[in-house]
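Reading through the structure tokens given below for one structure.
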2 protein chains.
Amino acid sequence: MSREITEARFLKQYDPKDYDSPLVTVDIALFTLHESTLQVLLVERGEHPHKGRWALPGGFIDLQADAELHDTAQRKLRQKTGVDVPLLEQVGTVGNAQRDPRGWSVTALYMALVPHAPTAEFIDSVTDARWWPIDEVGKLRLAFDHAELVDLARERLKSKTAYTVLPVHVLRQPFSLTQLQRAFELLMDATLEKKSFRRRILNAGVLEEAGEGVPEGGRGRPTVLYRPAKNSGQYLFTRVFG
Amino acid sequence: MSREITEARFLKQYDPKDYDSPLVTVDIALFTLHESTLQVLLVERGEHPHKGRWALPGGFIDLQADAELHDTAQRKLRQKTGVDVPLLEQVGTVGNAQRDPRGWSVTALYMALVPHAPTAEFIDSVTDARWWPIDEVGKLRLAFDHAELVDLARERLKSKTAYTVLPVHVLRQPFSLTQLQRAFELLMDATLEKKSFRRRILNAGVLEEAGEGVPEGGRGRPTVLYRPAKNSGQYLFTRVFG
DNA sequence: CCTATTATTGGCTAACAGCCACTATATAGC
DNA sequence: GCTATATAGTGGCTGTTAGCCAATAATAGG
């Protein structure tokens with residue numbers, strides 16, 4: 001057996017390429033609301049494998065440019081949307097031997113939310129990226145296991161909507177309670193009772209008033225506008241609708 | 001520009017070692033209850049880097065043996081405990097350039113629960129692994145960023161305990177409601193009201209009766225014993241204590 | 001039998017979701 | 001103006017469930 005070596009010496013002679021390691025990628029499910037539908041951003045792959053198929057935006061870690069896994073997600077998203085998204089969080093990590101034809105592959109899946117308009121102009125000019133209504137994604141035969149990843153992210157979105165104020169991130173500020181309720185309903189895929197919804201949100205103190213606005217459809221009583229209060233992102237309801 | 005190539009040809013000439021990629025590991029925070037304390041399993045590292053420091057059990061993916069990331073976690077855990085743990089789930093993934101002195105590194109963190117006794121005999125015979133009370137982990141200067149990983153897993157444990165019946169997995173079956181309440185309290189790090197606790201658990205229908213047992217301490221009224229019902233693992237409370 | 005000890009239940013209050021009818025304030029057409 | 005209609009917001013009741021805590025049940029040890 002060899003003599004004891006120091007950690008410094010060990011690190012000097014260590015080369016990761018001496019060992020088999022999986023591919024590592026980051027994929028992002030970016031959601032928005034548009035025309036009363038939940039939509040997800042997909043890109044058409046320009047390279048093998050699965051060239052020409054629709055896929056989630058994502059890619060490899062840049063070991064020089066990215067300090068954190070989170071930075072990789074942020075960077076890939078900025079390449080596609082041109083903006084920093086207001087909410088980006090990890091959903092989970094999927095890794096197995098079959099998901100990528102190149103070999104054992106691990107992907108860290110992130111979920112992001114963005115109001116529709118700010119990114120629309122940019123995305124519309126990118127020929128290989130577009131928003132897809134979540135209901136149509138099933139027909140697209142996505143690359144890799146991205147259909148499953150979309151489902152995972154969508155489930156997380158739904159469950160977090162039940163006990164947080166996540167949906168504020170798909171609205172432009174300020175917004176009305178009616179708009180916010182609509183956002184909750186679309187993200188949860190359920191209808192909510194108006195009084196319960198308003199009571200819950202207002203009592204939580206997660207919104208602050210931001211003037212008056214015109215009602216939906218232009219006619220009717222004017223509406224009070226709100227914006228999220230500081231730290232509203234951390235607020236957790238102790239009880240769930242339903 | 002090169003001519004268009006087929007996917008088959010692309011895959012044939014693809015070699016992952018042509019690209020820089022991060023180290024990928026799996027780490028597991030295995031928790032149990034012993035002597036009224038929440039404890040976590042740590043191993044003393046026998047190899048560089050951080051040789052001699054305490055760390056979470058874990059390691060590299062075996063690209064031949066492991067079909068899924070989950071299998072890597074299960075395999076590493078079995079090496080240390082000798083048993084299949086009743087609950088093993090992913091907490092999240094941490095990746096950055098500094099956490100491992102060998103370079104850019106990504107680890108998938110899992111959390112696991114196990115009743116104390118079945119593994120004790122095995123673990124006691126492994127000189128490099130032992131249970132540590134969660135409160136003492138802070139003093140140990142764990143390897144890598146494992147102190148943060150322990151905190152992450154502990155937070156997840158606490159929050160999931162609030163709306164599931166997760167704590168059943170740290171008890172041997174059958175158990176009394178008193179024991180189950182004690183488990184909830186230790187995992188949540190809070191005291192619960194007896195009546196509220198019993199009402200909630202019994203109304204949820206997640207337990208089935210399993211005979212009578214002796215009370216804690218040997219004296220007093222005998223207790224009804226329970227075991228988890230089928231699918232109790234999926235049960236979600238719509239309201240949280242507090 | 002009496003006491004200490006643990007298990008289990010009763011009964012009340014408070015918070016909050018579900019329900020749904022009612023009020024408030026605007027625009028559009030005349 | 002006046003009326004119809006549309007959207008925003010409120011009142012008030014019921015049902016569920018957590019918090020509280022005192023009462024009752026069933027055992028062991030003397």
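To find a chain, count down the sequence lines: A is the first, B the second, and so on, and within it residues start at 1. What you are looking at is a predicted structure, and each value in this text was computed from that prediction instead of being measured.
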Length of the CD1-C1' vector between Ile201(A) and dA8(D), whole Å = 16 Å
Contact boundaries on DNA chain C for chain B, cut-off under 4.0 Å to non-hydrogen atoms | dA4(C) to dG11(C)
What one should report as the nearest heavy-atom pair of Val26(B) and Thr72(B) is CG2-CG2, 3.8 Å
Whole Å only: how far is the CZ atom of Phe197(A) from the P atom of dG9(D)?
-> 12 Å
Take atom CZ of Arg199(A) and atom C1' of dG11(D), then tell me their distance rounded to the nearest Å.
-> 11 Å
Determine the contact category for Val214(A): base if any of its heavy atoms lies under 4.0 Å from a base atom, sugar-phosphate if only primed atoms, P, OP1 or OP2 are that close, otherwise nothing.
-> nothing
Interatomic distance, Lys160(B) atom NZ to Leu166(B) atom CG [nearest 0.5 angstrom] | 6.0 Å
Could you check how far CZ of Phe241(B) sits from P of dT17(D), rounded to whole Å?
-> 12 Å
Touch class at under 4.0 angstrom, heavy-atom based, for Thr223(A) against every strand present | sugar-phosphate
Figure out the NZ/P separation between Lys194(B) and dA23(D), and round it to whole Å.
-> 14 Å
Candidate list Ile28(B), Leu30(B), Leu87(B), Leu152(B), test side-chain contact (heavy atoms from CB on, under 4.5 Å), partner Met111(B), passing option = Leu87(B)
Taking for each residue the nucleotide of DNA chain D with the nearest heavy atom, is it Val240(B) or Arg221(B) whose nucleotide lies nearer the 5' end?
-> Val240(B)
Between residues 174-190 of chain B and DNA chain C, which residues have a heavy-atom gap below 4.0 Å?
-> Thr178(B)
Should Asp71(A) and Arg78(A) count as an ion pair when the cut-off is N to O under 4.0 Å?
-> no
To the nearest Å, give me how far apart CG (Asn203(B)) and C1' (dG15(D)) are.
-> 14 Å
With Arg227(B) as the cation and Phe175(B) as the aromatic partner, state whether NZ or CZ is under 6.0 Å from the six-membered ring centre and within 45° of the axis.
-> no
Check: dG11(D) base within 3.5 Å donor-acceptor of Lys195(A) side chain | yes
On DNA chain D, check which nucleotide each of Gly218(A) and Leu202(A) is closest to and give me the residue with the more 5' one.
-> Gly218(A)
Does the gap between the ring centers of Phe197(A) and Phe184(A) come in under 6.0 Å?
-> yes
From CZ of Phe237(B) across to C1' of dA18(D) the rounded distance in Å is 12 Å
With sequence neighbours excluded, residues passing salt bridge (Lys or Arg N to Asp or Glu O under 4.0 Å) with Arg156(B) | none
State whether Phe31(A) and Arg154(A) meet the cation-pi test: NZ (Lys) or CZ (Arg) under 6.0 Å from the six-membered ring centroid, and within 45° of the perpendicular axis.
-> no
Side chain of Glu89(B), backbone of Tyr110(B): donor and acceptor closer than 3.5 Å?
-> no
Report yes if at least one side-chain N or O of Arg200(B) is closer than 4.0 Å to OP1 or OP2 of dA18(D); otherwise report no.
-> yes
Please state how far atom CD in Glu193(A) lies from atom C1' in dG9(D), giving the value in whole angstrom units.
-> 12 Å
